[in-house]
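Please read these numbers as outputs of a predicted model, since none were measured by experiment. When reading the values below, keep in mind they use all heavy atoms of this one structure, side chains included, and skip hydrogens, waters and symmetry mates.
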Amino acid sequence: MDIQYLMRQARKLEKAMADAKEKLAEIAVDGESGGGLVKVAMNGRCEVTKLTIDPKAVDPNDKALLEDLVTAAINAAVEKARAAADDSMAKATGGIKLPGITG
């Protein structure tokens, strides 16, 4: 087994993973709840980039409902962002499963 070859491959994999992590900010996903009353836009780093709340969802007498809708929309977007990030990292690593890095 050629150790130099393995080291070169490891460096290529490391660079591919670094590039993929950088591109996570470019991935855009959306989550929504309440039939679209609350919408969340998020990138592949699970950072919220936009939150939209329909005025119909704002009831001063039912604050808990709005909180639940926002939570549900964020969780939906996080699920999509993680799946997109896992897919991006899998492509970067050629499908190699790396503990703590890919799904």
Practice prompt. Indicate the atoms forming the closest heavy-atom contact of K50 with T52, along with that distance.
Written response: CE-OG1, 3.6 Å

Response to the item:
Scanning both residues in full, the closest heavy-atom pair of L37 with K56 reads CD2-CB, 4.1 Å

Discussion item. What I'd like to find out is whether the side chain of V40 reaches to under 4.5 Å of the side chain of D30, using heavy atoms alone.
Written reply: no

Discussion item. In the structure I gave you, are the side-chain heavy atoms of L51 and V38 within less than 4.5 Å of one another anywhere?
Written reply: yes

Less than 3.5 Å apart, which donor and acceptor atoms pair up between the side chains of residues 5-13 and the rest of the protein, not counting sequence neighbours?
none

Worksheet item: If two hydrophobic side chains count as joined below 4.5 Å and joins carry through other members, does M89 share a cluster with V78?
Response: no

Worksheet item: NZ of K80 to SG of C46: how many Å apart, nearest 0.5 Å?
Response: 13.0 Å

Worksheet item: Roughly how far, to the nearest 0.5 Å, is the OG atom of S88 from the CD atom of E26?
Response: 9.5 Å

Not counting sequence neighbours, which residues clear side chain to side chain contact (heavy atoms under 4.5 Å, CB included) with [X]? List them please.
| X | answer |
| --- | --- |
| E47 | N43, R45 |
| A85 | L24 |
| A84 | I27, V29 |

Practice prompt. Would you check, one step at a time, whether the test side chain to side chain contact (heavy atoms under 4.5 Å, CB included) holds for M42 with I74?
Written response: CA-CA 8 Å; M42 185 174 286; I74 289 171; 4.3 Å; yes

Fill in: R82/D86 under salt bridge (Lys or Arg N to Asp or Glu O under 4.0 Å): CA gap, chis, key distance, verdict
CA-CA 6 Å; R82 284 185 179 153; D86 287 347; over 6 Å; no

Distance-only donor-acceptor pairs under 3.5 Å for side chains of residues 59-73, two or more places apart:
unit_1: D59; atom_1: OD1; unit_2: N61; atom_2: N; d: 2.9
unit_1: D62; atom_1: OD1; unit_2: L65; atom_2: N; d: 3.3
unit_1: K63; atom_1: NZ; unit_2: E67; atom_2: OE2; d: 3.2
unit_1: T71; atom_1: OG1; unit_2: E67; atom_2: O; d: 2.9

Worksheet, complete the sentence: By salt bridge (Lys or Arg N to Asp or Glu O under 4.0 Å), K15 pairs with (sequence neighbours left out) D19

Worksheet item: Sequence neighbours excluded, which residues qualify as salt bridge (Lys or Arg N to Asp or Glu O under 4.0 Å) partners of D54?
Response: none

Response to the item:
Contacts satisfying side chain to side chain donor-acceptor pair (under 3.5 Å) that involve residues 31-40 (not counting sequence neighbours) are none

